[in-house]
There are 2 protein chains.
Amino acid sequence: MSNNFCSVCLLKSKAVKNLQNSELDLLGESCVQAIFEPGETIFKQGALSSNIIYLQTGLVKLTIKGPHRVQIMRLKKAPSYLGVPTTMGDKINHYSAVAVERSSACFIDINTFKELLKVNPAFSYEIMLELCRNELEQYQRCVKLVQNQVYGRLATNLLIFSEEIYNSNEYDLPLNRNDLADLVCTSRETVSRLLADLTQEEIIEVNGKHIRILDTERLQTISEKG
Amino acid sequence: MSNNFCSVCLLKSKAVKNLQNSELDLLGESCVQAIFEPGETIFKQGALSSNIIYLQTGLVKLTIKGPHRVQIMRLKKAPSYLGVPTTMGDKINHYSAVAVERSSACFIDINTFKELLKVNPAFSYEIMLELCRNELEQYQRCVKLVQNQVYGRLATNLLIFSEEIYNSNEYDLPLNRNDLADLVCTSRETVSRLLADLTQEEIIEVNGKHIRILDTERLQTISEKG
DNA sequence: TGATTTTTGTGATTTATATCACATTTTTAG
DNA sequence: CTAAAAATGTGATATAAATCACAAAAATCA
């Protein structure tokens, strides 16, 4: 499952597109690709990390153990880098990454990664931009989480699936009600009840894991107002 | 209030210590220093930003408008960079920075900053590390905010003042009860009540804005358990 | 110094949502 | 195909904390 051909990879990140051929060869030498099935852990909170992960395809959840329960901090869709803050920092994963859909990921040795940051400012700049985007998104997400009530948070996440992940107003949820509750930061029972409410209001249609959004506008209002 | 002498500045950031003399001169040319009194805004959410801010001394709050109220995302103590994610990204501030104590800040032109990132990998690396630290801290903060109840969150913040900001178990709060509520994400009334509770339990002593922590251990337990 | 504004404290009431308990449905495994 | 396990739905109850209302204290100002 090793892959020494980053130069011919069709799923290069925006950052990697800035690399020279010699740099791509360097990357290829210390880059291993792996496939993860839904539910499989890519890396685990508390474990040591010496790799940066480039998620080529798929969808993962980033989970973090809170004082009372596990929380899904966010979903990350490919293409994206995972574990940069951890691996550049104190090397101990501060959160876990678990595949939610079948995913393909490249493990890049941290020393190679650092070398590339050093020799190629354009590469480095792109990585930095991704970190910046993450920080701002995280602030937004946190404020909504704290200030909106559950109804609004659920609406927000249903919209994220529709607009950011599946680009369709109809999709199959890749999570069960328990995971959905962890994502929305509430209880499984409340998710059930509120999905029923949204159905009753004819804002969505639910059939097991299949969701169809009937009234995007009203869902957006709920998402914003709380 | 201009300052062209970054080379002789005694409050250089860890990142800036990596700069060569010529690079320091470049920095000095596009760097302006300013003093902010408590309550004064350093930059404002929604406004355009073309500067990176290096907080030399002082303490600021980063606030963000939520769907229902203003939230204090975090306090930032000098030395620290502010506005990197914003200014590197879409240029519109996603949050405001307001001085909480008398603060001194250097405004660095974004183009100069980018130039330095490009020519000096060690500088760039330090900035990247700060972004990484921010991201991890932010995850932690968010989880606690969502999962702990108010009592625990208040305890956490009282400990942050003691351990991270003032390095003393006795200090004057730089915020009024309203701001403290915004920081803890609750209402002013609840802050009052819970401070009274902590006093009654002889865990802290409160005298207006003056706080003395009597039982750090118990406060820590409350901070962790909820 | 006294008057006005701001900040803070505290009781009463309301409410969103967690928790508990159990029934029903769906999925998995033998 | 049947049995066991897991996931889901729904009612009843409990509770943390918001909100409202107002009094008291502190800070600011003229």
Side-chain angles (χ1 to χ4, degrees), chain A residues 37-39 61 66-72 100 143-158 172-201 204-211 222-223 225-226, chain B residues 37-39 61 66-72 100 143-158 172-201 204-211 222-223 225-226:
Chain A
E37 300 298 331
K61 57 179 178 182
H68 291 96
R69 47 171 76 256
V70 167
Q71 182 169 332
I72 299 181
V100 158
V143 171
K144 281 215 158 188
L145 215 45
V146 171
Q147 293 193 26
N148 269 1
Q149 40 199 69
V150 186
Y151 205 49
R153 302 206 299 263
L154 180 61
T156 303
N157 280 285
L158 292 177
D172 284 310
L173 275 174
L175 307 173
N176 62 25
R177 300 295 140 104
N178 237 315
D179 278 353
L180 191 52
D182 289 342
L183 181 65
V184 175
C185 297
T186 183
S187 66
R188 180 185 60 76
E189 294 93 325
T190 299
V191 165
S192 273
R193 273 185 263 266
L194 295 188
L195 283 176
D197 289 357
L198 286 169
T199 304
Q200 177 123 50
E201 292 277 328
I204 62 172
E205 216 174 84
V206 182
N207 199 323
K209 292 203 162 60
H210 191 82
I211 304 283
I222 295 168
S223 160
K225 296 282 164 63
Chain B
E37 299 298 331
K61 57 179 178 183
H68 293 96
R69 47 172 74 255
V70 168
Q71 183 170 332
I72 300 181
V100 158
V143 170
K144 280 215 161 188
L145 214 45
V146 171
Q147 293 192 25
N148 269 1
Q149 40 199 70
V150 184
Y151 204 49
R153 302 206 299 263
L154 180 61
T156 303
N157 280 285
L158 291 178
D172 284 311
L173 275 174
L175 307 172
N176 62 25
R177 300 297 141 108
N178 236 316
D179 277 351
L180 190 53
D182 289 341
L183 181 65
V184 175
C185 296
T186 184
S187 66
R188 180 185 61 74
E189 294 93 326
T190 299
V191 166
S192 272
R193 271 185 265 266
L194 296 188
L195 283 177
D197 290 356
L198 286 170
T199 305
Q200 177 122 48
E201 294 276 327
I204 62 172
E205 216 174 85
V206 181
N207 200 323
K209 291 202 163 58
H210 190 82
I211 304 284
I222 294 169
S223 160
K225 295 284 164 66

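So you know, we letter chains A, B, ... as the sequences are listed, proteins then strands, and number each from 1.
In this structure, the CZ atom of A/R177 is 12 Å from the P atom of C/dT26, given to the nearest Å. Rounded to a whole Å, the CG atom of A/N207 is 14 Å from the P atom of C/dT25. Atom CG of B/D197 and atom P of C/dT8 are 18 Å apart (whole Å). In this entry the distance linking CG of A/D182 with P of C/dT17 reads 17 Å, nearest Å. Rounding to whole angstrom units, CG of residue A/N178 and P of D/dG9 are separated by 11 Å. Counting to the nearest Å, the P atom of D/dA7 and the CG atom of A/L195 are 17 Å from each other. For the pair A/L145 CG and C/dA16 C1', the interatomic distance rounds to 16 Å; values are reported in whole Å.
The side chain to side chain contact (heavy atoms under 4.5 Å, CB included) with A/I211 is formed by just one residue from the set A/V206, A/L198, A/D172; it is A/V206.
Residues B/R188 and B/D182 fail the side-chain proximity criterion, which asks for heavy atoms closer than 4.5 Å. Between B/T186 and B/L180 the shortest side-chain heavy-atom distance does not fall below 4.5 Å. Looking at heavy atoms from C-beta onward, A/K225 lies out of side-chain contact with B/P67 at the 4.5 angstrom threshold. The shortest distance between side-chain heavy atoms of B/D179 and B/P174 does not fall below 4.5 Å.
The shortest distance between the side-chain N/O atoms of B/K209 and the OP1/OP2 oxygens of C/dT8 is below 4.0 Å.
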Base-contact (B) and sugar-phosphate-only (S) positions in nucleotides 12-22 of chain D, heavy-atom cut-off under 4.0 Å, - elsewhere: B---SSSBB--

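Applying the side chain to side chain donor-acceptor pair (under 3.5 Å) rule to A/S192 yields no partners; only residues at least two apart in sequence or on another chain are considered.
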